[in-house]
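Read through the structure below, which is laid out as structure tokens, and then see the notes.
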Amino acid sequence: QVYLVESGGGSVQAGESLKLACATSGPSYMAACMGWFRQVPGKQREWISSISTDGRTSYSDSMKGRLTISKDNADFTLYLRMDNLKPEDTAMYYCAARVGPCLNNGDWYVSPRSVFWGRGTQVTVSS
């Protein structure tokens with residue numbers, strides 16, 4: 001059983017930072033490539049960042065330069081730090097995990113049934 005529980009969302013002003021967290025179980029953490037997505041109501045879920053089991057990272061062009069993905073091997077937690085937030089970053093942010101490659105956006109859609117999702121954490125950025 002894979003569980004992913006996001007936290008750290010909230011309401012901030014433009015220009016501020018947030019650090020999201022995604023708690024998971026040890027076996028899931030060790031075996032999975034993990035990432036972050038976001039979704040605005042009425043729009044498709046958007047991939048924004050991934051980190052592989054050996055720590056390689058990747059970022060979407062839309063948020064590159066403002067994101068830092070990391071993970072803590074001690075407590076099996078995935079993080080996403082977001083800097084210089086903008087009102088257009090307002091969305092629900094989701095943590096995801098899959099066994100296999102995930103550094104490229106397309107990797108997540110190779111076998112959708114093999115992707116596990118958290119329930120999301122809301123980020124609201126006001127101008």
Side-chain angles (χ1 to χ4, degrees):
Q1 184 81 22
V2 176
Y3 75 80
L4 302 167
V5 181
E6 301 94 336
S7 62
S11 297
V12 297
Q13 297 288 320
E16 293 184 343
S17 299
L18 274 176
K19 188 172 185 179
L20 308 182
C22 175
T24 185
S25 60
S28 304
Y29 174 93
M30 298 304 292
C33 196
M34 303 185 74
W36 290 95
F37 289 70
R38 65 181 182 179
Q39 188 170 24
V40 175
K43 293 191 176 181
Q44 196 170 13
R45 193 169 293 188
E46 175 192 10
W47 168 79
I48 56 175
S49 184
S50 296
I51 186 166
S52 66
T53 53
D54 60 358
R56 288 173 292 151
T57 61
S58 60
Y59 302 96
S60 71
D61 289 339
S62 65
M63 295 192 75
K64 202 168 187 176
R66 300 191 291 123
L67 299 179
T68 304
I69 190 171
S70 62
K71 55 183 183 177
D72 188 329
N73 294 336
D75 62 7
F76 309 128
T77 302
L78 175 72
Y79 296 99
L80 182 71
R81 179 180 171 88
M82 304 186 292
D83 295 315
N84 190 25
L85 284 162
K86 305 174 182 180
E88 53 264 40
D89 295 323
T90 295
M92 185 72 79
Y93 284 74
Y94 296 91
C95 171
R98 73 179 300 267
V99 176
C102 78
L103 292 179
N104 297 309
N105 180 24
D107 292 333
W108 293 94
Y109 303 97
V110 169
S111 53
R113 292 184 180 181
S114 69
V115 179
F116 299 92
W117 297 95
R119 293 190 174 185
T121 185
Q122 178 67 37
V123 172
T124 302
V125 185
S126 56
S127 57

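Side chains are part of it too, since the values below use all heavy atoms of this structure and drop only hydrogens, waters and symmetry mates. Small disclaimer: the values here were computed from a predicted structure and weren't measured.
With hydrogens and angles disregarded, a donor-acceptor distance shorter than 3.5 Å links the side chain of Ser49 to the backbone of Ser58. No donor-acceptor distance shorter than 3.5 angstrom exists from the side chain of Asn104 to the backbone of Gly106, with no hydrogens or angles considered. In this structure, the side chain of Gln39 does not engage the main chain of Ala91 through any donor-acceptor pair within 3.5 Å. Using a distance-only test at 3.5 Å, with no hydrogens or angles considered, no donor-acceptor pair links the side chain of Glu6 to the main chain of Thr121.
Ser60 and Glu46 form no side-chain donor-acceptor contact under 3.5 Å, judged by distance and modelled atom types alone.
Grouping Ile, Leu, Val, Met, Phe, Trp and Tyr by side-chain contacts under 4.5 Å, direct or through others, puts Tyr94 with Phe37, Trp47, Met92, Trp108, Tyr109, Val115, Trp117.
Once rounded to the nearest 0.5 Å, the distance linking SG of Cys33 with CG of Leu103 reads 5.0 Å. Expressed to the nearest 0.5 Å, how far CH2 of Trp36 lies from CE of Met82 amounts to 8.0 Å. Note that OG1 of Thr77 is 11.0 Å distant from CG of Leu4, once rounded to the nearest 0.5 Å. Interatomic distance, Met34 CE to Cys95 SG, rounded to the nearest 0.5 Å: 4.0 Å. Separation of atoms CG (Asn84) and CE (Met63) is listed at 9.5 Å; rounding is to 0.5 Å.
Applying the salt bridge (charged side-chain N to carboxylate O under 4.0 Å, His left out) test to Arg113 and every residue at least two apart in sequence or in another chain returns nothing. Partners of Asp89 under the salt bridge (charged side-chain N to carboxylate O under 4.0 Å, His left out) rule, at least two apart in sequence or in another chain, are Arg38, Arg66. Every residue two or more places apart in sequence or in another chain that forms a side chain to side chain contact (heavy atoms under 4.5 Å, CB included) with Val5 is listed here: Tyr3. Listed by chain and number, the residues in a salt bridge (charged side-chain N to carboxylate O under 4.0 Å, His left out) with Arg98 amount to none (sequence neighbours excluded). Every residue two or more places apart in sequence or in another chain that forms a side chain to side chain donor-acceptor pair (under 3.5 Å) with Ser52 is listed here: Asp54. Annotation: salt bridge (charged side-chain N to carboxylate O under 4.0 Å, His left out) contacts of Asp61 (sequence neighbours excluded): none. By the side chain to side chain contact (heavy atoms under 4.5 Å, CB included) test, Ser70 pairs with Tyr79, sequence neighbours left out.
Hydrophobic clustering (side-chain heavy atoms under 4.5 Å, transitive across Ile, Leu, Val, Met, Phe, Trp, Tyr) groups Leu85 together with Leu67.
Every pair passing ring pair (Phe, Tyr, Trp, His ring centres under 6.0 Å) that includes a residue from residues 49-77 is listed here, sequence neighbours excluded: Tyr29-Phe76. Every pair tested for disulfide (SG to SG under 2.5 Å) that includes a residue from residues 35-71 fails, sequence neighbours excluded, so the list is empty. Within the structure, disulfide (SG to SG under 2.5 Å) pairs that include any residue of residues 43-84 do not occur (at least two apart or interchain).
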Without placing hydrogens or testing angles, list every side-chain donor-acceptor pair under 3.5 Å for residues 9-23, not counting sequence neighbours.
from  : atom 1 : to     : atom 2 : distance (Å)
Gln13 : NE2    : Ser126 : OG     : 3.2
Glu16 : OE1    : Gln13  : N      : 3.0
Ser17 : OG     : Asp83  : OD1    : 2.7

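Within the 4.5 Å cutoff, the side chain of Val40 has no heavy atoms near those of the Thr90 side chain.
Shown here for Ala32 and Thr53, the closest heavy-atom pair between the two residues is O-CG2, 3.3 Å.
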